[in-house]
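Here the structure is laid out as structure tokens; the discussion comes afterwards.
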Amino acid sequence: MQPIEERPLRVLLAKLGMDTHTVGVTVIAHALREAGMEVIFTGLKQTPAMVASAAIQEDVDVVGVSTLSAGHTRSLPTLARLLREAGAGDKLLLAGGVIPEEDRPLLEEAGVDRIFTMGADTRDIVAYLNQWRATRREERD
Ligand code: B12
């Protein structure tokens, strides 16, 4: 694949388990596409193993999970671990949705890089991703 600065960021968006809330993930997909990123959506009812496998097969830079129906304290650490075990721990792992403040330390400790909850401005999410990409580029130089 081309270096990260010469191609659009590739982002996998995912929904895990029985969570069928789709509005947030749709909003994020539109916003990232509008910003020139390549977005792949896994669809609903995925397992962490399915998402990790899709992230590797699709060779994405970023994995974003939208979670509004609880279960994130188990599923997100599992996903982070599976990515690391597959040698894909350098992918940025984002989470969004309904995530109580008290769950943040556990998720961050487990390897979730950034959490965006209700009311997050999509422009801030796009800016964060562009900043992350710029940092990666500087690290390469
Ligand atoms: C609409 C809605 C529904 C709709 C969903 C329709 C659909 N197709 O999406 C329906 C009526 C079907 C529904 C069903 C249920 N719901 Co409901 N629902 C909501 C509600 C009112 C709004 C969610 C929404 O669309 N928000 C608008 C979007 C734009 O916001 P968002 O998803 O938060 O996304 C933003 C950020 O979080 C972030 N973000 C989100 N995802 C991602 C991903 C990435 C990668 C990034 C970077 C950012 C990001 O960016 C977005 C923009 O700011 C919330 C209440 C709330 N305040 O959240 C309850 C809520 C999520 N629902 C809840 C519940 C309990 C249920 C049901 C279990 C109810 C029931 N007894 O049947 C079912 C579960 C269905 C299931 N299997 O998942 C609870 C969840 C509680 C919890 N997690 O602990 C909530 C919080 C209501 C409450 N206060 O109790 N629901």
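All heavy atoms count here, side chains included; hydrogens, waters and symmetry mates do not. Start at 1 and go down the list; that is how both ligands and their atoms are numbered. Along the sequence shown, the residues carry numbers beginning at 1.
- Protein heavy atom at the shortest distance from atom 49 (C) of ligand 1 is G96 CA, 3.4 Å.
- Residue L94 places no N or O, backbone or side chain, under 3.5 Å from any N or O of ligand 1.
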N/O donor to acceptor pairs below 3.5 angstrom from side-chain atoms of residues 100-112, sequence neighbours left out:
unit_1: E101; atom_1: OE2; unit_2: R104; atom_2: NE; d: 3.1
unit_1: D103; atom_1: OD2; unit_2: H72; atom_2: NE2; d: 2.7

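- Residue contacts with ligand 1, taken as heavy atom pairs separated by less than 4.0 Å, do not involve T122 at all.
- Protein heavy atom nearest atom 51 (C) of ligand 1, with residue, atom name and distance: I28 CD1, 4.0 Å.
- D113 contributes no side-chain N or O that, together with a main-chain N or O of L94, makes up a donor-acceptor pair within less than 3.5 Å.
- The protein heavy-atom contact nearest to atom 40 (C) of ligand 1 is G97 N, 3.4 Å.
- Side chain of R10 to main chain of V62: no donor-acceptor pair is present (N/O by atom type, distance under 3.5 Å, no hydrogens or angles).
- Backbone and side-chain nitrogen or oxygen atoms of V25 are examined, and none is located within less than 3.5 angstrom of a nitrogen or oxygen of ligand 1.
- When only interatomic distances are considered, the shortest N/O to N/O separation between T22 and ligand 1 falls below 3.5 Å.
- T78 places a side-chain N or O within 3.5 Å of a backbone atom of R74 that can act as its donor or acceptor partner.
- Within the 3.5 Å criterion, the main-chain N or O of H21 finds a donor-acceptor partner in the side chain of K15.
- Here R7 pairs with D61 in a salt bridge; the nearest charged N to carboxylate O distance falls below 4.0 Å.
- Following chains of ILVMFWY side-chain contacts shorter than 4.5 Å, one cannot reach I56 starting from L9, and the two form parts of different hydrophobic clusters.
- The shell of residues lying under 4.0 angstrom from ligand 1, judged by heavy atoms, includes V65.
- A continuous path of hydrophobic side-chain contacts links V51 to I115 [ILVMFWY only; heavy atoms under 4.5 Å].
- Atom 77 (N) of ligand 1 has its closest protein heavy atom at M18 O, 2.7 Å.
- F41 has its side chain out of reach of V11: every pair of non-hydrogen atoms, C-beta onward, lies at least 4.5 Å apart.
- Under the 4.0 angstrom criterion, atom 72 (O) of ligand 1 counts as lacking any protein heavy-atom contact.
- Among all non-hydrogen protein atoms, the one lying nearest atom 52 (C) of ligand 1 is A120 O, 3.5 Å.
- Regarding atom 56 (C) of ligand 1, its nearest protein heavy-atom neighbour is M118 SD, 3.8 Å.
- When distances from atom 61 (C) of ligand 1 to the protein are checked, a heavy atom turns up under 4.0 Å.
- Each protein N/O/S atom under 2.8 Å from atom 17 (Co) of ligand 1 was counted, for a total of 1.
- The contact set between ligand 1 and D19, taken as ligand atoms under 4.0 Å from a residue heavy atom, comprises 78 (O).
- Protein heavy atom nearest atom 45 (C) of ligand 1, with residue, atom name and distance: G64 CA, 3.5 Å.
- With ligand atoms numbered from 1 in the order given, ligand 1 contributes 83 (N) to contacts under 4.0 Å with heavy atoms of A70.
- Both the backbone and the side chain of V23 come within 4.0 Å of ligand 1, judged by heavy-atom distances.
- The protein atom (non-hydrogen) at minimum distance from atom 38 (C) of ligand 1 is F116 O, 3.6 Å.
- Proximity to T117 (heavy-atom distance under 4.0 Å) selects the following atoms of ligand 1: 36 (C), 37 (O).
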Verify side chain to side chain contact (heavy atoms under 4.5 Å, CB included) between D59 and K91, making sure each step is shown before the conclusion.
CA-CA 9 Å; D59 203 8; K91 296 188 192 305; 4.1 Å; yes

